[in-house]
Amino acid sequence: MDDSGRRRQQWRNHPSSSLTGPTRSRSQKLSSNPAKTTHSSNFIPRSTTTTGTTPDNTKNPGYVPKWKSETNANKQQEVEKEAGDDVGSIVGTCLFMCPEGERAQRERQRDLAVFERLNGDPRKTSPALAVKKFCRTISLKYVQASDVRPLSVLEDTLNYLLNLLDSSEHPFEVVHDFIFDRTRSIRQDLSMQNIVNDRAIHMYEKMVKFHVVSHHRLQNCGSSSMSSLQYLNMEQLTKTLASLYILYEANRSSNSIYENEAEFRSLYVLLHLDSKRQQTEESLSFWFCRVPPIVMKSKEMHFARQVLRFYRMGNYRSFLCTVSAEASYLQYCVIEPYVNEC
């Protein structure tokens with residue numbers, strides 16, 4: 001048999017030996033990708049450094065070609081931008097509650113909320129009234145520093161908005177709708193500047209309080225559109241809480257907790273008293289495993305777990321007595337629908 005005949009015979013006996021290099025499983029490829037952060041809220045801090053890979057290291061079973069990893073990263077960034085959660089390092093320079101360009105544009109378009117109209121005129125506003133709107137699709141590539149508010153301006157803007165909660169000139173759903181949108185814009189500006197300090201935590205706590213109080217007050221509004229408002233408010237409450245928890249962890253030092261952390265952690269438990277809701281979300285037992293031990297030992301978390309146990313066991317007498325004796329105002333705002341049910 002000549003040389004070509006022997007080669008053909010060897011290929012028939014061992015066809016896989018002629019393929020180019022070892023094959024890799026799908027799980028190996030996926031495990032080699034850099035960790036990607038999926039946003040569940042309007043802000044999640046992340047590192048700006050990445051781990052490099054040697055482009056010609058094709059013998060490494062965990063190697064992912066550079067073009068492929070860049071494509072995956074670009075897709076993830078697009079998802080984040082569409083959600084309005086594009087995280088970057090821009091430093092805002094806007095000294096007003098609303099950038100001048102947006103203010104002028106919205107005057108031309110008569111796009112002013114009732115709280116922003118100067119003397120009731122839908123075509124006129126002022127720097128003391130206009131507040132930057134939330135933009136669903138945004139990219140740092142096209143954002144100017146003059147369109148983003150620095151931390152001090154964001155703090156003043158939030159305080160201004162929360163003072164409107166006491167307004168009696170308009171129905172609460174109108175007040176809520178305005179603050180709801182403008183606080184989302186505040187979280188967006190915090191996210192774009194990657195602000196993660198204690199002052200940001202204090203602001204997130206205030207915004208969580210707004211959504212919790214709104215949860216309570218929307219229950220008592222008689223309008224037929226309340227169900228959709230309640231759903232949207234609960235959605236943003238969940239996202240803002242998740243972001244607040246991440247900020248707690250990002251700023252934690254040694255074995256300490258923030259002054260209000262235990263109460264805000266307990267709200268998550270109280271929002272999940274109904275086991276039916278738990279079917280689509282993370283099990284509480286897994287969530288408890290990630291809570292710092294010092295928080296688990298707090299009286300706020302002890303109360304939440306006790307209430308959870310009484311409610312799910314159907315011991316409504318103990319449930320109501322415990323709520324009446326120990327619930328804080330925020331905790332009661334969350335529990336009230338279950339109290340009414342009992």
Side-chain angles (χ1 to χ4, degrees), residues 40-46 149-166 179-180 182-184 186-191 193-217 233-234 236-273 282 284 287-308 322-336:
S40 60
S41 67
N42 288 76
F43 170 76
I44 293 182
R46 67 182 181 193
R149 298 159 293 181
L151 180 57
S152 58
V153 177
L154 291 172
E155 288 174 323
D156 292 341
T157 303
L158 180 59
N159 291 333
Y160 168 78
L161 291 171
L162 296 180
N163 284 334
L164 294 177
L165 276 174
D166 299 326
I179 301 176
F180 177 92
R182 298 327 191 248
T183 50
R184 290 187 74 183
I186 288 176
R187 299 204 307 271
Q188 194 173 56
D189 277 13
L190 286 170
S191 171
Q193 298 174 89
N194 205 16
I195 299 175
V196 299
N197 56 24
D198 290 355
R199 291 164 69 185
I201 288 177
H202 189 53
M203 291 180 67
Y204 267 86
E205 288 179 342
K206 287 184 176 182
M207 287 184 277
V208 168
K209 286 181 181 179
F210 159 69
H211 287 294
V212 170
V213 172
S214 295
H215 176 72
H216 166 67
R217 294 185 65 174
N233 181 73
M234 180 60 68
Q236 291 305 313
L237 169 57
T238 304
K239 290 183 177 182
T240 311
L241 265 181
S243 298
L244 176 60
Y245 297 157
I246 292 171
L247 283 172
Y248 283 145
E249 294 302 326
N251 289 274
R252 191 175 309 287
S253 58
S254 67
N255 192 30
S256 61
I257 62 173
Y258 283 86
E259 180 181 0
N260 302 315
E261 181 175 356
E263 181 179 19
F264 282 97
R265 293 273 190 182
S266 73
L267 298 181
Y268 183 89
V269 180
L270 300 177
L271 285 168
H272 293 81
L273 293 186
E282 178 188 39
L284 274 178
W287 185 83
F288 283 135
C289 291
R290 298 203 308 271
V291 177
I294 190 171
V295 174
M296 291 297 295
K297 296 176 182 178
S298 66
K299 65 180 181 63
E300 292 86 355
M301 191 60 76
H302 175 74
F303 163 78
R305 297 181 71 181
Q306 197 173 30
V307 165
L308 174 70
T322 304
V323 170
S324 176
E326 300 181 33
S328 67
Y329 175 67
L330 285 183
Q331 289 172 331
Y332 182 80
C333 286
V334 172
I335 299 173
E336 186 187 35

Inset, instruction - For residues Lys209 and Leu330, determine if any side-chain heavy atom of one lies less than 4.5 Å from a side-chain heavy atom of the other. - result: yes

Legend entry - Side chain proximity check, Arg217 to Val213, heavy atoms < 4.5 angstrom: yes

Inset, instruction - Decide if atom NE2 of His202 counts as having more than 12 heavy atoms of other residues, nucleotides or ligands within a radius under 6.0 Å. - result: no

Inset, instruction - List the steps, then state whether side chain to side chain contact (heavy atoms under 4.5 Å, CB included) holds for Leu273 with Val334. - result: CA-CA 10 Å; Leu273 293 186; Val334 172; over 6 Å; no

Inset, instruction - Enter the distance from Arg305:CZ to Leu284:CG here, rounded to the nearest 0.5 Å. - result: 9.5 Å

Legend entry - salt bridge (Lys or Arg N to Asp or Glu O under 4.0 Å) involving Arg149 - partner list, sequence neighbours excluded: Asp189

Legend entry - Pairwise side-chain contact, Leu151 with Leu190, heavy-atom cut-off 4.5 Å (strictly under): yes

Inset, instruction - Dump the intermediate steps for side chain to side chain contact (heavy atoms under 4.5 Å, CB included) on Glu300 and Phe264, then the final yes or no. - result: CA-CA 9 Å; Glu300 292 86 355; Phe264 282 97; over 6 Å; no

Legend entry - Donor-acceptor pair between Asn233 and His211 side chains, under 3.5 angstrom: yes

Legend entry - Ile186 side, atom CD1; Arg182 side, atom CZ - distance, nearest 0.5 Å: 10.5 Å

Legend entry - Residue pair Leu267 / Leu237, side-chain heavy-atom distance below 4.5 Å: no

Inset, instruction - Please examine the side chains of Leu241 and Arg265, heavy atoms only from C-beta on, and report whether any two atoms are closer than 4.5 Å. - result: no

Inset, instruction - Mark yes or no for whether Ser191, through its side chain, and Arg187, through its backbone, hold a donor-acceptor pair below 3.5 Å. - result: no

Legend entry - Exercise: identify the closest heavy-atom pair between Pro150 and Gln193: CA-OE1, 3.8 Å

Legend entry - Side chain to side chain, Glu263 and Ser328, heavy atoms closer than 4.5 Å: yes

Inset, instruction - For the residue pair Lys299 and Glu326, establish whether any side-chain heavy-atom pair is separated by less than 4.5 Å. - result: no

Inset, instruction - Look at Glu261 together with Arg252 and state whether they make a salt bridge at an N to O cut-off of under 4.0 Å. - result: yes

Inset, instruction - Start with the C-alpha distance between Tyr248 and Glu205, add both sets of side-chain angles, then the distance that settles side chain to side chain donor-acceptor pair (under 3.5 Å), and finish with yes or no. - result: CA-CA 11 Å; Tyr248 283 145; Glu205 288 179 342; 2.6 Å; yes

Legend entry - Reported CD-to-CG distance for the pair Glu336 and Leu270, which is rounded to 0.5 angstrom: 13.5 Å

Inset, instruction - Start with the C-alpha gap between Leu161 and Phe210, add the side-chain angles, then the distance that decides, and say whether side chain to side chain contact (heavy atoms under 4.5 Å, CB included) holds. - result: CA-CA 10 Å; Leu161 291 171; Phe210 159 69; over 6 Å; no

Inset, instruction - Would you check, one step at a time, whether the test salt bridge (Lys or Arg N to Asp or Glu O under 4.0 Å) holds for Glu155 with Arg199? - result: CA-CA 8 Å; Glu155 288 174 323; Arg199 291 164 69 185; 2.8 Å; yes

Legend entry - Heavy-atom closest contact (Phe303 atom, Thr322 atom, distance): CE1-O, 3.6 Å

Inset, instruction - Mind telling me whether Tyr268 and Trp287 have parallel, tilted or perpendicular rings, with 30° and 60° as the class edges? - result: parallel

Inset, instruction - Test side chain to side chain contact (heavy atoms under 4.5 Å, CB included) on Asn159 and Lys206 and set out the steps. - result: CA-CA 9 Å; Asn159 291 333; Lys206 287 184 176 182; 2.7 Å; yes

Inset, instruction - Look up atom CE in Met296 and atom SG in Cys289, then write down how far apart they are to the nearest 0.5 Å. - result: 8.5 Å

Legend entry - Flag side-chain contact, heavy atom, 4.5 Å: Val269 against Ser266: no

Inset, instruction - Measure the NE2-CG distance between His272 and Leu308 for me, rounded to the nearest 0.5 Å. - result: 10.5 Å

Legend entry - Geometric cation-pi criterion, Arg290 with Tyr245: 6.0 Å, 45°: no

Inset, instruction - Answer yes or no: does atom CD of Glu249 have more than 12 heavy-atom neighbours from other residues, nucleotides or ligands under 6.0 Å? - result: yes

